[in-house]
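What follows is a structure written as structure tokens; I'll ask about it next.
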Amino acid sequence: MLYRSTRGAPGIPLSQAIEQGLAPDGGLYVPERFPQLDLRHFSPNPLSEFAARFLAPFFEGDKLAPKLNTICNRALSFPIPLTEVNSTTAMLELFHGPTAAFKDVGARFLAECFADLGCAGERTILVATSGDTGGAVAAAFHKQPGLQVIVLFPKNGVSPLQKHQLTCWGDNVRAVAVNGTFDDCQRLVKEAFTQSRQTSSWSKLGLTSANSINVGRLLPQAVYYASASLQWQQTHGTAPGFVIPSGNIGNATAALWAKKSGTPIAQIVLATNANRVVPDYLQTGIFKAATAINTLANAMDVGNPSNIERILSLYPNVQALQQDVQAASVTDDQIRSTIRDAHSQHGLTLCPHTATAFYVRGKLSKGPWILVATASPAKFTEVVTPLVGQAPTPPPALQALLGRPTHSVESEPTLKALEQALAKS
Ligand SMILES: *Cc1c(COP(=O)(O)O)cnc(C)c1O
């Protein structure tokens, strides 16, 4: 299996695509073709065994292939339960990892891949975060030999607990509070990559990416869609649809990759917050990037989602895309009322991101629908507690992080300023 760039650069092996992150032509790596898996003979549990079987064709011929079992065992070492809300709705709980958001799945898998690839000289992981990626990547790569991690986060765009999680590592992890939005952080990463290809202070660092730019993060995310839909189909006899809280639409891309590989998935519905470029695109057929606005579901505050390139590369035109994918935007008021109602009517405490999926599910046909629960509500106490009347209990892994001291530097949203900030950190 080879991986080609969405902008045309020819196929290369998986491990090279993982090491490069972004393709040299500025595009994103995608599989050249999708395997047609017959999942009837697969068991969805245990997840790490299912993952190794599901991902084997994606690793075929690559030097990481012999390590795939070990990578899956180490990376997918926490539960991902599928819990039924009622006979036509279930929740896929992706937040039981070390930093309590679904980003742990991709970040841990990527870290295991890098550990197996070894390092020729210094390597620096430069990552932009809208709130959860940075913490997950920092946790996964903390103290990994030969690796530096630089996390860029929007100074006023993350919750206090998220900020703590981004800035509490030290050692090989540095955190930079950027005076701008997530899109600014993402742009800085792309600019640093471009600079690193010419002679510059960036070219010495051996830059690579751990954002959902990196194909090594998306592949393991396809796994939980495949196992959850298989599990649903084996118990209920029907193929479920998924409602996915979406921002940079990496998680939704992974769901589409699972569907293209033969997984029994009906429709895929993207729930966005008030940043509505993707719903607007699906309605009008015109993609118009916008400036991100701050919402309660901050990890989805994205105005120029980079993975749109990957989704477009799967379909010949927007009409074909509309057959498989719908999208709807949810306001902050609707997020608040959903968190309140889910608690009083179903006894569920939702994070603001998961609430967008819950809200959108209410507008959809009978189903069955699997709602993707992307983060623990305990990461967003300042939003959730006043709405449900009690503070959600933080999972033990989060509690442990809260005891660590924090450190970060600030930077204006330009590459020059970032270089200066890093020199001081
Ligand atoms: C990152 C994130 C999202 C959005 O996922 P994308 O892959 O960027 O679409 C949704 N919810 C939470 C909690 C997140 O951390």
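Both ligands and their constituent atoms are indexed starting at 1 by order of listing.
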### Query
Looking at side-chain heavy atoms only, is the closest gap between Ser329 and Asn273 below 4.5 Å?
no

#### Entry: Close aromatic pair by centroid cut-off 6.0 Å: Tyr225 and Phe242
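Yes, ring centres under 6.0 Å apart.
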
### Task
Would you check ligand 1 and list the protein residues that come within less than 4.0 Å of it by any heavy atom, ordered by chain and number?
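Those residues closer than 4.0 Å to ligand 1 by some heavy atom are Phe102, Lys103, Asp132, Pro245, Ser246, Gly247, Asn248, Ile249, Gly250, Asn251, Ala299, Met300, His353, Thr374, Ala375.
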
### Query
Is the number of heavy atoms from other residues, nucleotides or ligands within 6.0 Å of CZ (Arg74) greater than 12?
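For Arg74, atom CZ is not crowded (no more than 12 foreign heavy atoms under 6.0 Å).
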
### Message
We want to know whether Asn214 and Gln20 form a side-chain donor-acceptor pair, criterion being a heavy-atom distance below 3.5 angstrom.
### Response
no

### Distance under 6.0 Å and angle within 45° of ring axis: Lys260 vs Phe58
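Relative to the ring axis of Phe58, which defines the angle, Lys260 lies outside at least one limit.
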
### Query
Can Arg123 and Glu19 be counted as an ion pair, charged N to O under 4.0 angstrom?
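Yes, Arg123 and Glu19 are salt-bridged.
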
